[in-house]
Amino acid sequence: MTDYLTRLNAEQREAVETIDGPLLVLAGAGTGKTRVLTTRFAHILLSRRAFPNQILAVTFTNKAAREMRERVAAILGEPAEGLWLGTFHALCARMLRRHAEHVGLASNFSILDTDDQLRVLKQVMEAERIDQKRWTPASLMATIQRWKDRGLTPARIGTADESDFANGRATALYEAYQARLRVLNAADFGDLMLHMVEILLAHPDILAQYHRAFRYILVDEYQDTNLVQYYWLRLLAQSHKNICCVGDDDQSIYSWRGAEVENILRFEKDFEGARIVRLEANYRSTAHILAAASGLIAHNEGRLGKTLRPGRSDAQQGEKVSVVGVWDSDEEARMVGDRIESLRRSGESLDEMAILVRAGFQTRSFEERLIVLGVPYRVVGGLRFYERQEIRDAIAYLRATVRPADDLAFERIVNVPRRGIGDVAMRAMHDTSRAEGIPLAAAAALLHQRGALKGKVRDGIGELLQGLMRWRDTLPSEGHVVVAGMILDESGYTEMWKQDKSVEAPGRLENLKELVRALADFETLEGFLDHVSLVMENEENAQGPRVSLMTLHGAKGLEFDTVFLPGWEEGVFPNQRSMDEGGAKGLEEERRLAYVGLTRARQRAIVSHADNRRIYGNWQRSIPSRFLEELPDDEVNVTGSASLARDSRIAAATSFSGQFPLVARRTRVIEAWEQPARPARPDAIPVGSRVFHQKFGHGTVTSVDDDKLDVAFDKAGDKRVLDRFVEKAG
DNA sequence: AAGGTTAATGTTTTT
DNA sequence: CATTAACCTT
């Protein structure tokens, strides 16, 4: 009965069995956080303190929610249904649908994504005659988002929170934007939280209803919560105070998205009588890796403090963290590629290797190298499923069908595929819509009826409007899956991609099919649309082992035997912009990111830095990251120029008074270097020599750039090739 | 309305 | 450098 408890260590068990009252579980990397969370969930149920639907369990990602659901189901031995288990946003959306009228929305409101938001904002800015060159819609969106993260409605924005955007007109724009969203019957992501908090504050009866409903609250990744999320939790937990938050202040890396580390640092003050349990036994990494990571993170000031200790019996064995200095970024890619190959030869699986970079663009050099070596890889991240153009278009069709007043959806699809509708026709529809106070689609119908449209436009609009009505009418009888297929075919949308000869087209058609398949999992189209805007994720069609390439942010929560951490150079990592904008706090967050990176590794971590890096086309000298010096000497094994570079960093720092060469163009103090000459390799091929290439035949070398040669081939013309693909001829 | 040219601009992105 | 959005031309 309670044997699930015996599988836990003492501290984990305390975290599971401390059921009543506020509890903060400080869970270091690899200390069994997920296990504690799910076991605790199960323990509440099995000890009969609550029914499944009386527990509110909140995560940040859909992935985490899914995993938790699965693991709870496994412990219970039955599918976990009817649970209040999901992401902050999904749970809020679910609640908001019940009470939407209190914030001026109908319960079938649309949830807007970033693209829609931007479009609305542009419209608002246009109406207010804001110069969109000086003040970009994107930065207004960020400002509004930050306000929403902090629980600020337009009315709540005090003078201290005012932004200097558009000479202090940001608040007015925010207000106009919210008004526009109400007209569109739409909410953005921030609104889901903000509206719900507003409702709970304004309607004690509704709040009381949720107090009765939820006896226990579980929160994952608490260090990533923003202020509204914190308000929401505090409101819901206010009566019984049975709230358990799990998190790690050392892994807080999303402040730029509004996350407040202070939430977790303040926990004891916020919830009186709170208990804190620290999980410090790490079952993932070797002792060297743990000590290196601990030594690094100890340089941060604002932390609750905890020290990871090895929990694995074999942790004492293992390699030191290796720190490799290389000449330039190309050599770095070659070094990583070579190590991957040799690990593979010694029997390591590619699935157990990852290259973790600070910023997305850094993956490219590694991709290129892995392609040359023929090593399979996957780039994790990139565009998520629902962000892809074809999916967004298809969803817009569905929205336009079931929500006749959804102007944003209508506008998106009205000329996709091309129906000959341009600026002029669009303007006419907007004018009519505003004049008559009706939605765009209705305005289009009116214009069509009046004969105000002609030729191609007339036919195109007519056909689309008829289609929309027909699909809407067919929905009840045929069901949403069939109708979705009809919509895509009859609108000409599928045909459009079939005609498209680009390389992406087949994949897009495949995605559309996947979308229709996914639709079958839902009872109603409405339910599906919610799912799409909140949930849909990249389904990896994994085939065969491959190296993972991703950002450090993307790697949080994952683990690998071998982790490569390239680009540890001042300006790159820690990132210059983070430091410029975030100051000392920014630097601490970068350090936490480094900590996250190191603690992903089970067996070995290879950190590297290059002396020369090409940034925006020109070569620049780079300086080893300060984080390298912060790694305890006993835990690392330094090869290459790292040791020398430590001195050069100090020299450089003093001579440029803290300005490093990698700062942005505008503030750069020194001119970019030409790429420094590099000592010729023994087997180098000199300019002027005759070479032979398998594919291009004979030619003459015209210039040499490290391992890349420019060759004037006799028959094939000028090409750039890698030296390993040519041999000396004649 | 489509195609071609130029200028700006380069983090991280769980929902 | 390389990508993208805004602009200009037919």
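Basis for what follows: all heavy atoms, side chains included, without hydrogens, waters or symmetry-related copies. So that the names make sense, note that chain A is the first sequence line, chain B the second, and so on, each numbered from 1.
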Looking across every strand, which nucleic acid part, if any, lies under 4.0 Å from [X] by heavy atom: base, sugar-phosphate, or nothing?
X	answer
A:Asp113	nothing
A:Glu590	base
A:Gly557	nothing
A:Phe88	nothing
A:Leu91	nothing
A:Gly420	sugar-phosphate

Contacts of A:Val457 and A:Ala259 projected onto DNA chain B by closest heavy atom; the upstream (5') one is A:Val457
Taking the nucleotide of DNA chain B with the nearest heavy atom to each, does A:Phe189 or A:Arg577 sit closer to the 5' end?
A:Arg577
Please determine if A:Arg97 forms a cation-pi arrangement with A:Phe109, meaning its NZ or CZ atom is less than 6.0 Å from the six-membered ring centre and no more than 45° off the ring axis.
yes
Can the positive tip of A:Arg94 be found less than 6.0 Å from the middle of the six-membered ring of A:Trp84, inside 45° of the ring normal?
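Yes, A:Arg94 lies over the aromatic ring of A:Trp84.
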Given A:Tyr174, A:Tyr177, A:Phe165, the one that forms ring pair (Phe, Tyr, Trp, His ring centres under 6.0 Å) with A:Trp147
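Checked A:Tyr174, A:Tyr177, A:Phe165 against A:Trp147; only one passes ring pair (Phe, Tyr, Trp, His ring centres under 6.0 Å): A:Tyr174.
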Side chains of A:Gln223 and A:Ser252: do they bring a donor and an acceptor to under 3.5 Å?
no
What I want to check is whether the side chains of A:Asp328 and A:Asn612 have a donor and an acceptor closer together than 3.5 Å.
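No.
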Nearest whole angstrom, please: distance from the [atom2] of [N] to the [atom1] of [X].
X	N	atom1	atom2	result
A:Lys585	B:dT12	NZ	C1'	18 Å
A:Ile111	B:dT15	CD1	C1'	10 Å
A:Asn415	B:dA1	CG	C1'	9 Å
A:Trp232	B:dT15	CH2	C1'	13 Å
A:Glu581	B:dT13	CD	P	16 Å
A:Leu587	B:dT12	CG	P	19 Å
A:Asp580	B:dG10	CG	C1'	14 Å
A:Gln389	C:dA5	CD	P	11 Å

Candidate nucleotides B:dT13, B:dT15, B:dA1, ranked by approach to the side chain of A:Arg418 - the nearest
B:dA1
I'd like a list of close polar pairs between nucleotides 5-7 of chain B and the protein, N/O only, cut-off under 3.5 Å.
none

I'd like to check, for A:Trp256, whether its ring lies over the base of B:dT12 with centroids under 5.5 Å apart and a plane angle smaller than 30°.
yes
Face-to-face contact A:Phe361 to B:dG10 six-ring, under 5.5 Å, under 30°:
no
Can you tell me if [X] touches the phosphate of [N], counting only side-chain N or O atoms and a distance under 4.0 Å to OP1 or OP2?
X	N	answer
A:Asn575	B:dT12	no
A:Arg364	C:dC1	no
A:Thr551	B:dT13	yes

List for me each residue that meets salt bridge (Lys or Arg N to Asp or Glu O under 4.0 Å) alongside A:Lys122, sequence neighbours excluded, and say none if there are none.
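Result, salt bridge (Lys or Arg N to Asp or Glu O under 4.0 Å) vs A:Lys122: none returned.
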Every protein N/O within reach of nucleotides 6-10 of chain C N/O, cut-off under 3.5 Å:
| from | atom 1 | to | atom 2 | distance (Å) |
| --- | --- | --- | --- | --- |
| C:dC7 | OP1 | A:Lys133 | NZ | 3.0 |

In terms of ring plane angle, is the pair A:His89 and A:Phe189 parallel, tilted or perpendicular, where the classes change at 30° and 60°?
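Perpendicular, since the angle between the ring planes exceeds 60°.
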Aromatic ring pairing A:Tyr493/A:Trp497, orientation class (parallel under 30°, perpendicular over 60°, tilted between)
perpendicular
Salt bridge (charged side-chain N to carboxylate O under 4.0 Å, His left out) for A:Arg592 and A:Asp250? Distances and angles first, verdict last.
CA-CA 6 Å; A:Arg592 290 194 290 267; A:Asp250 290 334; over 6 Å; no
For a quick check, tell me whether the side chain of A:Arg257 and the base of B:dT15 share a donor-acceptor pair closer than 3.5 Å.
yes
What verdict does the salt bridge (charged side-chain N to carboxylate O under 4.0 Å, His left out) test give for A:Arg577 and A:Asp580, after you've listed the backbone C-alpha separation in whole Å, the side-chain angles of each residue and the deciding distance to 0.1 Å?
CA-CA 5 Å; A:Arg577 210 159 141 180; A:Asp580 289 347; over 6 Å; no
Lys/Arg N to Asp/Glu carboxylate O, A:Asp224 vs A:Lys556, below 4.0 Å:
yes
